[in-house]
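All figures in this text were calculated on a predicted structure; none of them were measured in a lab.
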2 protein chains.
Amino acid sequence: MNPPFNGSNLKNEAYIEVINKRPFTQVIELLQSAGLRPTRQRMALARILFNEGNRHVAAEDLHRDAKKANIRVSLATVYNTLHQFASAGLLREMVVEPGRAYFDTNLSSHHFFFEDTGNIEDIPDNLISISHLPKIPKGTALNRVDVVLRLRTSEQVKI
Amino acid sequence: MNPPFNGSNLKNEAYIEVINKRPFTQVIELLQSAGLRPTRQRMALARILFNEGNRHVAAEDLHRDAKKANIRVSLATVYNTLHQFASAGLLREMVVEPGRAYFDTNLSSHHFFFEDTGNIEDIPDNLISISHLPKIPKGTALNRVDVVLRLRTSEQVKI
DNA sequence: TTACATGCAAAGCATTTGCAGATAA
DNA sequence: TTATCTGCAAATGCTTTGCATGTAA
């Protein structure tokens with residue numbers, strides 16, 4: 001199966017360059033199985049997101065990375081794509097700072113948050129365990145548990 | 001000790017009305033012990049915040065409540081005040097939704113978040129316990145642990 | 001061909017800032 | 001009196017929207 005874009009179109013050179021790196025069939029399958037049309041932009045963004053380990057990106061970051069890779073996408077499309085990926089379950093939206101949304105390629109929901117730098121780091125699920133949970137209010141179901149360990153550069157040692 | 005404002009000033013009627021309800025000396029002491037000058041606006045906002053159990057407010061909410069109580073404060077001052085209270089340790093800033101900051105009068109850091117309504121509810125510290133924590137990265141200290149239990153109206157029962 | 005995706009610029013919010021005037025100590 | 005606080009409006013920064021154009025199926 002060939003990548004579904006017009007390979008002879010000059011405007012597509014950047015996409016060719018990106019998409020010709022393997023694995024690209026996986027990306028197409030990933031999008032298709034999520035019910036998303038594998039457009040050039042989505043494929044390119046998916047490759048940036050999923051091809052090198054876990055990432056935590058704000059829309060701005062991904063947009064910058066795309067530019068760096070010579071991929072022309074508008075910021076609005078990056079936002080749309082991130083939300084589409086998130087509702088398809090490919091990404092998890094996370095909230096650690098007011099005024100900025102991050103998306104995590106790792107679906108685990110536990111994180112270090114470095115307050116000084118704004119950096120985020122995953123905590124593998126097996127490294128954290130909650131032994132007691134409160135009763136879940138009637139009429140609701142637990143969707144997920146987010147744990148954020150907020151860190152400061154040490155000196156002031158607080159609990 | 002008298003409330004430190006000009007009681008004969010007509011503009012201050014609303015403040016008088018608010019502040020004359022007890023306890024106001026506590027509010028003054030609270031602010032002073034936090035190193036904050038007990039100005040009329042801060043006293044009025046502190047009373048709204050701390051005089052009736054635990055609250056989770058966005059700046060907009062507090063501003064609205066102040067208006068309802070006939071207190072004239074600008075939204076900018078509400079924002080400033082909330083942040084001042086938070087860095088003084090009187091409030092805790094919390095982030096559950098992108099694009100909006102909440103402040104919690106309860107310093108406990110665990111919450112239910114009702115995804116459908118946006119409501120927030122405290123979880124008493126003793127109802128949740130974390131039995132394993134990962135190693136804290138070198139050069140940093142754990143500032144706090146935030147746990148958010150995200151709830152949906154039940155039907156789709158997920159873990 | 002047709003429904004869906006994209007790009008751009010404009011609009012929308014929450015939040016912050018700058019500065020002149022007010023106020024607590 | 002002086003350092004600090006407040007109010008207003010403008011500025012900022014992130015995110016969403018509307019709509020014409022482009023593209024996948």
Side-chain angles (χ1 to χ4, degrees), chain A residues 1-9 11-12 14-15 19 28 31-32 34-46 57-64 66-67 71-88 93-103 118, chain B residues 1-9 11-12 14-15 19 27-28 31-32 34-46 57-64 66-67 71-88 93 95-103 118:
Chain A
M1 187 206 280
N2 284 319
F5 61 85
N6 176 355
S8 62
N9 184 339
K11 290 198 301 178
N12 284 327
Y15 294 96
I19 292 168
I28 294 174
L31 293 177
Q32 282 176 338
L36 295 170
R37 275 195 345 208
T39 66
R40 293 172 306 180
Q41 291 84 343
R42 299 217 266 229
M43 286 190 285
L45 294 178
V57 292
E60 206 69 62
D61 302 328
L62 184 54
H63 190 229
R64 194 172 349 90
K67 262 197 184 129
I71 291 156
R72 239 177 91 272
V73 237
S74 74
L75 183 56
T77 297
V78 172
Y79 273 104
N80 290 337
T81 304
L82 285 172
H83 283 123
Q84 290 152 357
F85 284 9
S87 31
E93 186 173 2
M94 43 179 309
V95 202
V96 279
E97 279 181 301
R100 183 178 248 105
Y102 288 90
F103 293 84
Chain B
M1 188 204 281
N2 284 318
F5 61 85
N6 178 356
S8 62
N9 186 337
K11 289 197 303 178
N12 283 327
Y15 293 98
I19 292 170
V27 171
I28 294 175
L31 293 176
Q32 282 176 338
L36 295 170
R37 272 193 351 203
T39 65
R40 292 173 307 180
Q41 291 85 344
R42 287 183 184 159
M43 284 190 284
L45 294 178
V57 292
E60 207 70 60
D61 303 328
L62 184 55
H63 190 229
R64 194 172 349 89
K67 262 197 185 126
I71 290 157
R72 241 178 89 272
V73 235
S74 74
L75 184 56
T77 297
V78 172
Y79 273 105
N80 290 337
T81 304
L82 285 172
H83 283 121
Q84 289 154 357
F85 284 10
S87 29
E93 186 173 2
V95 202
V96 279
E97 280 181 302
R100 184 177 247 106
Y102 289 91
F103 292 83

Name every donor-acceptor pair, under 3.5 Å, that has one atom in a side chain of residues 57-64 of chain A and the other anywhere in the protein, sequence neighbours excluded.
residue : atom : partner : partner atom : Å
A:Asp61 : OD1  : A:Arg64 : NH2          : 2.9
A:Asp61 : OD2  : A:Ala58 : N            : 2.9
A:His63 : NE2  : A:Val73 : O            : 2.9

Donor-acceptor pairs are to be reported for all side-chain atoms of residues 95-103 of chain B against protein atoms at under 3.5 Å, with residues two or more places apart or in another chain.
residue : atom : partner  : partner atom : Å
B:Glu97 : OE1  : B:Tyr102 : OH           : 2.9

Validation row: B:Gln84, B:Leu36 side chains within 4.5 angstrom (heavy atoms):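 Yes - at least one pair of side-chain heavy atoms lies under 4.5 Å apart.
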Between atom [atom1] in [X] and atom [atom2] in [N], what is the gap in whole Å?
X: B:Leu45; N: D:dG7; atom1: CG; atom2: P; answer: 9 Å
X: A:Met94; N: D:dC14; atom1: CE; atom2: P; answer: 17 Å
X: B:Leu62; N: C:dA14; atom1: CG; atom2: P; answer: 15 Å
X: B:Ile28; N: C:dT23; atom1: CD1; atom2: P; answer: 17 Å
X: A:Ile71; N: C:dG7; atom1: CD1; atom2: C1'; answer: 16 Å
X: A:Leu36; N: D:dA24; atom1: CG; atom2: C1'; answer: 13 Å
X: A:Leu31; N: C:dC4; atom1: CG; atom2: P; answer: 17 Å
X: A:Phe85; N: C:dA5; atom1: CZ; atom2: C1'; answer: 12 Å

At under 4.0 Å between heavy atoms, what does A:Ala58 touch on the DNA or RNA strands: base, sugar-phosphate, or nothing?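 Since no nucleic acid heavy atom lies under 4.0 Å of A:Ala58, the category is nothing.
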Taking OP1 and OP2 of [N], is either one under 4.0 Å from a side-chain nitrogen or oxygen of [X]?
X: B:Arg42; N: D:dT6; value: yes
X: B:Gln41; N: C:dA22; value: no
X: B:His83; N: C:dT16; value: yes
X: A:Arg37; N: D:dT23; value: no
X: A:Thr39; N: C:dT6; value: yes
X: A:Tyr79; N: D:dT16; value: no

What's the closest nucleotide to the side chain of A:Leu75 if the choices are C:dA24, C:dT15, D:dT15?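 Nearest to the side-chain atoms of A:Leu75, counting from C-beta on, is D:dT15.
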Does B:Glu60 or A:Val78 map to a spot on DNA chain C nearer the 5' end, using the closest nucleotide for each?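 Here A:Val78 is the residue nearer the 5' end.
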Looking at every non-hydrogen atom in both residues, tell me the closest pair between A:Arg72 and A:Gln41 and how far apart they are.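 Scanning both residues completely, I find the closest heavy atoms to be O-CG, 4.5 Å.
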Can you give me the closest heavy-atom contact between A:Pro38 and A:Leu31, atom names plus distance?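 So the two residues come closest at CA-CD1, 3.7 Å.
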Nucleotides 10-13 of chain C: which of its N/O atoms have a protein N/O under 3.5 Å away?
none

Between N or O atoms, less than 3.5 Å apart, protein on one side and nucleotides 8-12 of chain D on the other: list the pairs.
residue : atom : partner : partner atom : Å
D:dC8   : OP1  : B:Arg72 : NH2          : 3.4

Five-pair end axes of the helix from C:dT1-D:dA25 to C:dA25-D:dT1 and the angle they enclose, rounded to 10°: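 The angle separating the two end axes equals 30°.
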Listed by chain and number, what are the side chain to side chain donor-acceptor pair (under 3.5 Å) partners of B:Thr39, not counting sequence neighbours?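 B:Thr39 satisfies side chain to side chain donor-acceptor pair (under 3.5 Å) with no residue once adjacent residues are dropped.
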Please answer whether the main-chain N or O of B:Arg37 pairs with a side-chain N or O of B:Arg42 as donor and acceptor at a distance below 3.5 Å.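 At least one qualifying donor-acceptor pair exists.
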